[in-house]
Participant: 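Dumping the structure here so I can ask a few things about it.
Computed from a predicted model, the values in this text were never measured in an experiment.
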Amino acid sequence: MFRTRRVVLAGALSTALLAAGCGGDGDDGKRSGTRGDTTCDGKLEGTADITVWFHAGPSGELNTLRRQVKDFNASQKSVRVELITLPQERPYTDLVESAAASGELPDLLDFDGPNLYNYAWSGKLKPIDSCVPESVKSDLLPSIRKQGTYAGRLWGVGTFDSGLGLYVRPSVLKKAGIRVPSGPDDAWTATELTGILRKLRKEGYEKPLDLIINDSAGDDEWNTYGFAPAIWSAGGDLLDPKTHRTAEGFLNGAEAVGAMTTMQGWVKEGMVDPNKDGKAFTEGRSPISWVGHWMYGEYTEAFPDDVKIVPLPDFGKGTVTGMGSWQWGVTASATDGDAVWRFVAYLLKPREVSRMTQANGAIPATDSAVELSPRFAEGGAERLFIEQLKSGIARPRTQTPAYPAVSQAFSRAYGEIMVRGAPVKAALDEAVRRIAKDLADHQGYPSAGP
């Protein structure tokens, strides 16, 4: 028996797609006790073809996935994977929306983690509790499980996660008499960081802080991922965390306004490098850089043995950091969840997770793969990221179907505040109005779906 599912790509979507070359078995152990779905029944008969979409991300990721697909196809005969990559001329999420509207989604979809909540709510995905064995679920980092959960069900899993921190040059700080935090329990406060920046200016570093602000002018996801943690750390939020029905009093409340005012103050005092060349840290202009795990290689190459990652500043309620990255989900169009899961299970094997994270520098998504990665293992240079993801210091972006609108509204406000110097309260008030309009347009995103 040969089951084949073909994806017919029509119109503009058809011309936008770029087919890549094609090219494990799954864990058939006990499935999660919380089934709640029928996506997988544990049976795989005959041979199945599945289609997989992957965003046109860093070449290291894409080339690695191509090799993984090739190796998987060669390793067994039950499932054959066809990998399709989508070019960057049109935003990936736009292509996903177009394909969903015309019934052209693949069997397995790659998507940015926080979009999961909207995709699950709108019916683009199938829940996968019935697919994931307990042995696999327990091996996933708690942050991966949390990011992939919506309305009590698991809808997605990733093979890597992400982390934020302050990259610092210990030699510079020690020379200036500035303490270097040892971990989350003794993170700098925001007030303390303000004083540190002023002290570094006196030491000759005119613009001592890099916020990757060259990427903040628009409404890019970096703004929300990178700096919503400041709002959370202050005690504010992007939405009411209990109901997700309003941003009023949360995104524009005193705590959020205070955090953004502090950050804007760093810009107004001229202590933030504009970083137009992307080299504020590597050229030594800024000895402190607020950024993620992806810069570790470049930063340590520039300053071997003189880079340390410390927690983000505490704005009043403890240090908080971002988390989440690209995930895999079984689409509503998938004809055989077990066939799809067989490939995902292969990608989650320790060797394959390690293979991908060596290519993209991201954080391994499983405990078993972390053990294979010296930088993230106990005592490793990037161990802080694992500690943050496991301890709860890392928070997922707001888990609501409204997230795309919430993120765009906050990101735009952040850009107005930090790049264009807009009044903080007014910019956040405008973000609240934008969010309120989206919630009203979607009737508050009722749990039953659109």
Participant: Taking atom types as modelled and ignoring hydrogens, do the side chains of D220 and Y225 form a donor-acceptor contact shorter than 3.5 angstrom?
Facilitator: no
Participant: Can you tell whether the side chains of K390 and D367 come within less than 4.0 Å, N to carboxylate O?
Facilitator: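 Yes.
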Participant: Does the side chain of T319 come under 3.5 Å of the side chain of D314 through a donor N or O and an acceptor N or O?
Facilitator: no
Participant: Going by the rule side-chain hydrogen bond (donor to acceptor under 3.5 Å, both in side chains), which residues pair with D429 if we only count those two or more places apart in sequence or in a different chain?
Facilitator: N252, K425
Participant: Can you name the side-chain hydrogen bond (donor to acceptor under 3.5 Å, both in side chains) partners of E298, sequence neighbours left out?
Facilitator: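 Checked E298 against side-chain hydrogen bond (donor to acceptor under 3.5 Å, both in side chains); zero matches.
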Participant: Holding to side-chain hydrogen bond (donor to acceptor under 3.5 Å, both in side chains), I want the full list of residues that pass it with T243, two or more places apart in sequence or in another chain.
Facilitator: D240
Participant: Just list the side-chain donor-acceptor pairs under 3.5 Å for residues 112-120, sequence neighbours left out, or say none.
Facilitator:
| from | atom 1 | to | atom 2 | distance (Å) |
| --- | --- | --- | --- | --- |
| Y117 | OH | Q147 | O | 3.0 |
| Y117 | OH | Q399 | NE2 | 3.3 |
| N118 | ND2 | P401 | O | 2.7 |

Participant: Can a salt bridge be assigned to the pair K317 and E255 using a cut-off of 4.0 Å between side-chain N and carboxylate O?
Facilitator: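 Result for this pair is no, no salt bridge flagged.
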Participant: Scan residues 280-295 for pairs that pass side-chain hydrogen bond (donor to acceptor under 3.5 Å, both in side chains), counting only residues two or more places apart or in two chains.
Facilitator: D210-S289, D273-R285, D277-R285, E283-R285, S289-Y299
Participant: Between E416 and R412 (salt bridge meaning N to carboxylate O under 4.0 Å), is one present in this structure?
Facilitator: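 No, this pair does not count.
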Participant: Donor-acceptor pair, N214 side chain versus G278 backbone, under 3.5 Å?
Facilitator: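 No; judged by distance alone, with no hydrogens or angles, the pair does not exist.
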Participant: Can you name the salt bridge (Lys or Arg N to Asp or Glu O under 4.0 Å) partners of D237, sequence neighbours left out?
Facilitator: R395
Participant: Is it true that R201 and E269 have a side-chain N and a carboxylate O under 4.0 angstrom from each other?
Facilitator: no
Participant: Kindly determine whether E382 and I363 satisfy side chain to side chain contact (heavy atoms under 4.5 Å, CB included), including the steps that lead there.
Facilitator: CA-CA 9 Å; E382 295 186 79; I363 300 165; 5.7 Å; no
Participant: Measuring only between side-chain heavy atoms, which start at C-beta, is Q264 closer than 4.5 Å to T261?
Facilitator: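 Result no, sub-4.5 Å side-chain heavy-atom pair not found.
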Participant: Any luck finding a side-chain donor-acceptor pair between S354 and Q358 under 3.5 Å?
Facilitator: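 A pair is found: one side chain offers a donor N or O, the other an acceptor, under 3.5 Å apart.
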Participant: Decide, yes or no, whether a salt bridge links D306 with R169 under the criterion of side-chain N to carboxylate O below 4.0 Å.
Facilitator: yes
Participant: Hey, are T246 and E248 close enough side-chain-wise for a donor-acceptor pair under 3.5 Å?
Facilitator: no
Participant: Does either side chain, that of E352 or that of T159, offer a donor lying less than 3.5 Å from an acceptor on the other one?
Facilitator: no
Participant: Please confirm whether the ring centroid of F227 lies under 6.0 Å from the ring centroid of W222.
Facilitator: yes
Participant: Start with the C-alpha gap between W53 and D110, add the side-chain angles, then the distance that decides, and say whether side chain to side chain contact (heavy atoms under 4.5 Å, CB included) holds.
Facilitator: CA-CA 6 Å; W53 280 12; D110 161 64; 5.6 Å; no
